[in-house]
There are 2 protein chains.
Amino acid sequence: MKITYKSDYSLKTILDLAIHFGEEPVTIHELAKRSDIPIKFLEQILLDLKRGGFVESRRGKIGGYLLAKHPSKIGLSEVVSFVAGPIEPIACVDKKYRRCRDIDKCVFRDIWQRITSATEKILEEVTFEDLVKKSRKSQGNFVYQI
Amino acid sequence: MKITYKSDYSLKTILDLAIHFGEEPVTIHELAKRSDIPIKFLEQILLDLKRGGFVESRRGKIGGYLLAKHPSKIGLSEVVSFVAGPIEPIACVDKKYRRCRDIDKCVFRDIWQRITSATEKILEEVTFEDLVKKSRKSQGNFVYQI
DNA sequence: TGTAAACTCTACTAATGTGATAGACATTAT
DNA sequence: ATAATGTCTATCACATTAGTAGAGTTTACA
């Protein structure tokens with residue numbers, strides 16, 4: 001799990017669409033402006049999120065983006081996994097990396113697994129509906145601000 | 001926190017020195033061979049660890065490296081912070097990154113902070129003495145294997 | 001039926017980080 | 001003296017990140 005600008009932008013964008021769930025499609029322009037994201041970068045991000053099944057789009061005039069599912073059905077865990085990669089903080093879990101000589105005897109592995117479990121537990125308890133509610137509670141609601 | 005090869009090598013090296021605490025200095029050559037680390041890369045890593053105050057060196061013939069403190073006084077948390085950067089998984093915590101428009105209203109921030117706390121809790125409970133004991137329990141002790 | 005406003009797709013780029021490698025130098029036990 | 005050790009600086013190939021550019025396609029509506 002690595003929260004880069006791109007994953008940060010992805011999360012903010014899904015939250016924005018969750019806030020506007022049930023309304024008209026939201027344009028890239030609006031999303032970009034509200035979350036202060038470079039518009040051409042956001043285009044690519046939205047295409048990714050579409051491929052991931054998190055958002056849908058409408059083309060043409062009065063087109064825009066919509067959340068693909070109800071915010072209560074979108075878990076933070078699945079989104080984070082998609083936009084920020086596997087939760088594990090450690091290289092040795094990744095298939096691309098060389099294996100340890102004897103990974104089963106690595107005393108650090110248990111640590112990384114415990115951190116992963118703790119992280120998953122926190123993420124799995126949260127849906128975007130929860131985040132929308134939390135966001136509405138923060139007076140002013142930062143997503144709308146200029 | 002990002003566990004790269006370099007941080008992985010650093011942890012393994014400190015563990016190796018912890019296992020040999022109280023004995024003669026361990027040479028870079030031995031460390032490199034036992035943990036399968038490119039020797040020239042390990043040289044740099046050891047200089048970093050020295051600057052970090054984790055290890056000491058003896059130059060000249062029969063020189064080598066030693067742990068600077070007793071393994072029970074070296075916490076996994078401090079080592080990980082040193083070799084893998086701040087525990088936080090998120091860009092916005094880093095001073096170098098642009099601030100959110102209104103970071104106090106960011107609904108994700110609380111999530112990253114909870115993950116950070118959970119991670120710190122796990123790391124803070126472990127010292128290298130613990131890891132040495134755990135390592136000795138794994139029969140064969142991978143650090144010694146060819 | 002034209003057109004403006006929207007999404008779509010591919011390519012490119014600058015900056016940075018990662019994982020090394022190379023080679024000259026300094027120190028010390030014997 | 002010398003061999004074995006640590007020290008230091010430079011360089012490099014490759015991947016990732018955070019964009020930018022530009023040409024396309026689709027659709028509502030006048």
Side-chain donor or acceptor of B:D110 paired with backbone N/O of B:V107 under 3.5 Å: no
Per B:K2 side chain, nearest of listed nucleotides D:dT7, D:dT20, C:dG17: C:dG17
Presence of donor-acceptor pair under 3.5 Å, side chain of A:R59 and base of D:dT27: no
Closest to side chain of B:Y5, choosing from C:dG19, D:dT20, D:dT5: C:dG19
Test: B:K33 and B:E30 ion pair at under 4.0 Å: no
Nucleotide nearest B:F41 when distance is taken to its side chain, options C:dG19, C:dA26, C:dT8: C:dG19
Distance in angstrom units between B:R51 CZ and D:dC8 P, rounded: 7 Å
Distance test, side-chain N/O of B:K50 to OP1/OP2 of D:dT7, below 4.0 Å: yes
Listed nucleotide nearest any side-chain atom of A:T4, set C:dC7, D:dA18, D:dT7: D:dA18
Selected nucleotide, minimal atom distance to B:I62 side chain, candidates C:dT8, C:dA6, C:dT30: C:dT30
Spacing of A:I3 atom CD1 relative to D:dT16 atom C1', expressed in whole Å: 16 Å
Any A:Y9 side-chain N or O less than 4.0 Å from OP1/OP2 of D:dG19: yes
Whole-Å gap separating C1' (D:dT20) and CD1 (A:I37): 16 Å
A:D48 CG - C:dC7 P separation (whole Å): 16 Å
Interatomic distance, B:L42 CG vs D:dT7 P [rounded to whole Å]: 11 Å
Salt-bridge criterion met for B:R51 and B:D48 (N-O under 4.0 Å): yes
Within 6.0 Å of NE2 in A:H29, more than 12 heavy atoms from elsewhere: no
Sugar-phosphate only, base, or nothing, as touched by A:G63 at under 4.0 Å among non-hydrogen atoms: sugar-phosphate
Side-chain donor/acceptor of B:K40 to base of C:dG23, under 3.5 Å: yes
Euclidean distance, atom CD1 of residue B:I39 to atom P of D:dT7 [Å, nearest integer]: 13 Å
Options D:dG6, D:dA18, C:dC7, nucleotide nearest the side-chain atoms of B:Y65: D:dG6
5' precedence on DNA chain D between B:I28 and B:Q44 (nearest-nucleotide basis): B:I28
Parallel, tilted or perpendicular: ring planes of A:Y9 versus A:Y5, cut at 30 and 60 degrees: tilted
For atom NZ of B:K6 and atom C1' of C:dA20, their distance in whole Å: 11 Å
B:T27 vs D:dA4: side-chain N/O to OP1/OP2 distance below 4.0 Å: no
Most 5' of A:E43 and A:K61 on DNA chain D, judged by nearest nucleotide: A:E43
For atom CZ of A:R58 and atom C1' of D:dT27, their distance in whole Å: 12 Å
Donor-acceptor pair between B:S10 and B:T13 side chains, under 3.5 angstrom: no
